[in-house]
Q: 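Handing you a structure now.
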2 protein chains.
Amino acid sequence: MASQSRTKSPTIRDVAAEAGVSHQTVSRVINKSPNVKVALRQKVQTAIDRLGYVPNIAARRMGGNRSYLILAINDRARTIDNWGVGRGNDWVDQMLFGGMMECEKNGFRMIFDLVETENPAAEKQLSAALSSLRPDGVILTPPHSENQHLADLLIANGTPFARIGSSNKNDGINIVMDDRAAAHAATQSLLDLGHRKVAFIAGSPDYLASSSRLAGYRSAMAQASSSIHADWEQPGDFSFASGAEAADRLFHSESRPTAILASNDEMAFAVLHQAAKFGISVPEELSVISFDDTPGVRFSVPPLTAIRQPIAAMARRAASELIDRKIDIQKGIQITLPFELITRSTTGSAPQ
Amino acid sequence: MASQSRTKSPTIRDVAAEAGVSHQTVSRVINKSPNVKVALRQKVQTAIDRLGYVPNIAARRMGGNRSYLILAINDRARTIDNWGVGRGNDWVDQMLFGGMMECEKNGFRMIFDLVETENPAAEKQLSAALSSLRPDGVILTPPHSENQHLADLLIANGTPFARIGSSNKNDGINIVMDDRAAAHAATQSLLDLGHRKVAFIAGSPDYLASSSRLAGYRSAMAQASSSIHADWEQPGDFSFASGAEAADRLFHSESRPTAILASNDEMAFAVLHQAAKFGISVPEELSVISFDDTPGVRFSVPPLTAIRQPIAAMARRAASELIDRKIDIQKGIQITLPFELITRSTTGSAPQ
DNA sequence: CAAAAAAATGTGACCGTTCACATTTTGCTG
DNA sequence: CAGCAAAATGTGAACGGTCACATTTTTTTG
């Protein structure tokens, strides 16, 4: 009944026999060892091609001390809503793409683990995954990149790791976008369009990025030396609801802003939503810029001008660094990737 | 320099020594063999807990004929745009969630492979993945679920597989939403609101779902016995651009529809976009329903009424069936999962 | 209650790689 | 061109599970 007998794939010894060499020589060819003569290498390669040999990843892990696996830890909370509410985790597919391409290029595989944000068993879950998979590297994405317990566990275990979207850490590989500079640039672009009343909706304080973005906004505003209104800095938590509330407060403010910088796309969507309700036209009466540039933004009406967070590029870089693994995880490495301001249709000159 | 020595995880033999039994007994406990006395089982379990033992997945694969791996084949084309254009693959994260939860529950892991749609090397890529990973099951997602070459390869290899979003196949496990019924229901809901001029924007003909949806639309319209205008059936290919073009044609049509059923969210977004341009208010002058209900839809203005495609549930079911593997892949199994019509704000009574 | 059957437990080989080390071949030096 | 170092290739063990089968214990049966 169940599955019929699996076709037997050729082994390294089949290739060795076919090429008339020892199995170890085949291994050397696979692993690009420099100490194989060209003639032999070619003979082996021919045999590999003829037999369609592909090394078995499980056996490689058994024999050597590498697994050719990169483990990506993502937030379950961001994804779980898909079940009911239909909230997407735009990180996952970009992670997948950026990280996976890099892995594939190097004969690695990427495996995901979804860990609940506030789960006290998170360490246990990671620990089990390490034992079971013995990955060559682990990528931590927000908010897990802020969880030092996980990092400590990885250090104790001797597994190299990279954090995405977190910096100022003195261990592991830390890959970030320059949030401060990005927020500054976005704010400046609004100032350059003649806006003087520029508001900011902050992200959840749990994320380091939130304070960096706020700092960038403040520095640009301070430089502009225009009068700053306290109401223009609104709290938020990255949710649609919090964005809508912030927008309400701003629209009711006695000094209503003509431009709003929102700390993520979802809150920017909420701003557009509320603007429509208030009969405020975008971009004629109000300009909006958001952070992240997740895939959905180009379908908003009007399409959002946004700071693109290079998630795929960050994941790719994380994978690449882990695969190279010339790294001493005990001391931290900081890598900053460039941001990009994508101008679409929610920004325009300040109203007269 | 490189990674420091990895902490040695306990092995099955460490547990055996700790519990004072043979390694095979430990193996039996792990695998829930019924033939272990309760007293012994408990002694072993205690030792497992004390040592924090977790079986090494690679070793399990080497010894036995299972890998505890499910391979999910996704479309690279849908994802590759992330790099440049920022187009999301809403399948991936839902697949990930639905399938992965099920895998995790059973001690399995899910691995993704991104395969280009039109790539002639697709079979080679799958073949390599099979050799390398030896997965216990493979999940094919659109458009790969329509590629019989891949299915044949899997059958020849003896690897069970499930197709998502494809039916009428006589091999493998086939999991679908009832597209015809869903399209019928959506169309009917518009007719029930008093609409008589109901248009349809079709999806790419490469997908079986496209024709099913068209059929459902036609059957509902036929039943309504209202006069049907040829212009109301517009071609499309699931892209924003094709949706915008279809909308343009419909809005210029001499018998402009008061309701439009679009075959996916992206084309529905395009309809909203064009409606705004034409100054057509939604839902007062035009009702819109879309297919898929991908995460972004609730941020459209106004939020889209949509048929939810239960992607996560389908992935979960696929994984579940493959893990149970009581299946004879030679003969096909058809599984239909329920759809759901999510009413949001793009639908309303027909204008007078 | 002895003999046979069934259930519980144990033993050693094996999966397909890489590793450590042994051996052979090649290249270099004086 | 002997003698030795370095490069190229080969050999067998080991990784950590499961499998097939052997052995021991318990239960059933006539």
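All of these numbers come straight from a predicted model, not from anything done at the bench. Naming: A, B, ... by sequence-line order, numbering from 1 per chain.
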Q: Would K169(A) and E146(A) satisfy salt bridge (charged side-chain N to carboxylate O under 4.0 Å, His left out), going step by step from the backbone distance to the final call?
A: CA-CA 9 Å; K169(A) 297 291 199 298; E146(A) 302 294 346; 3.1 Å; yes
Q: How many Å lie between CD on Q24(A) and C1' on dT23(C), as a whole number?
A: 14 Å
Q: On DNA chain C, compare the nucleotides closest to A59(B) and S22(B); which residue's is nearer the 5' end?
A: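 Whichever sits nearer the 5' end wins; that is S22(B).
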Q: If you assign P34(A) and H23(A) each to the DNA chain D nucleotide with the nearest heavy atom, which residue ends up on the more 5' nucleotide?
A: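 Result of the comparison: P34(A).
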Q: Using a cut-off of less than 4.0 Å, is there contact between a side-chain N or O of T11(B) and OP1 or OP2 of dG16(D)?
A: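 Checking T11(B) against dG16(D): no side-chain N or O falls below 4.0 Å of OP1 or OP2.
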Q: Please report, rounded to the nearest Å, how far the P atom of dC14(C) is from the CE atom of M62(B).
A: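 Atom-to-atom, M62(B) to dC14(C), this comes out as 13 Å.
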Q: Tell me whether R60(B) forms a cation-pi arrangement with Y68(B), defined as NZ or CZ under 6.0 Å from the six-membered ring centre and within 45 degrees of its axis.
A: yes
Q: Can you tell me the distance, in whole Å, between the NZ atom of K8(A) and the C1' atom of dT17(C)?
A: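 Those two atoms, NZ and C1', are 13 Å apart.
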Q: For residues T159(B) and N157(B), is any side-chain donor paired with an opposing acceptor at under 3.5 Å?
A: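 Checked: T159(B)/N157(B) side chains pair up, N/O donor to acceptor below 3.5 Å.
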Q: Give one of base, sugar-phosphate or nothing for R28(A), where a contact means two heavy atoms less than 4.0 Å apart.
A: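 The answer is base, as R28(A) lies within the cut-off (heavy atoms under 4.0 Å) of a base atom.
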Q: Counting any heavy atom closer than 4.0 Å, what does Y53(B) reach on the DNA or RNA strands: base, sugar-phosphate only, or nothing?
A: sugar-phosphate
Q: May I have the distance from L40(B) (atom CG) to dT25(D) (atom P), rounded to whole angstrom?
A: 13 Å
Q: So what does G64(B) touch, heavy atoms closer than 4.0 Å: a base, only the sugar-phosphate, or nothing?
A: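 The residue G64(B) makes sugar-phosphate contact but no base contact.
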Q: Do any side-chain nitrogens or oxygens of N65(B) fall under 4.0 Å of OP1 or OP2 in dC19(D)?
A: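 Yes, N65(B) has a side-chain N/O under 4.0 Å of OP1/OP2 on dC19(D).
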Q: Just N and O in the side chain of S27(A): are any of them under 4.0 Å from OP1 or OP2 of dT17(C)?
A: no
Q: Apply salt bridge (charged side-chain N to carboxylate O under 4.0 Å, His left out) to the pair D171(B) and R163(B), showing each step before the final yes or no.
A: CA-CA 10 Å; D171(B) 48 26; R163(B) 294 188 185 89; 2.8 Å; yes
Q: Strictly below 4.0 Å: does N35(A) bring a side-chain N or O up to OP1 or OP2 of dA7(D)?
A: no
Q: 5'-most contact on DNA chain D: K37(B) or R60(B), nearest heavy atom basis?
A: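 Counting from the 5' end, the first nearest nucleotide belongs to R60(B).
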Q: To the nearest angstrom, how far is N31(A) atom CG from dT18(C) atom P?
A: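 It is 5 Å, rounded to the nearest whole Å.
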Q: Roughly, in whole Å, what's the span from CG in D14(A) to P in dT17(C)?
A: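 Taking CG of D14(A) and P of dT17(C), I get 9 Å after rounding.
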Q: Taking atom CD1 of I164(B) and atom CG of N74(B), what is their separation to the nearest 0.5 Å?
A: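 The distance works out to 8.5 Å.
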Q: For R13(B) and dC15(D), what is the distance between atoms CZ and P respectively, to the nearest whole Å?
A: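 Going from R13(B) (CZ) to dC15(D) (P), I get 10 Å.
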Q: Would you please confirm or rule out a distance under 4.0 Å between OP1 or OP2 of dG10(D) and any side-chain N or O of T25(A)?
A: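 The answer is yes; a side-chain N or O of T25(A) sits under 4.0 Å from OP1 or OP2.
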Q: Let me know the distance between OH of Y68(A) and C1' of dG16(C), rounded to the nearest Å.
A: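 Answer to the nearest Å: 13 Å.
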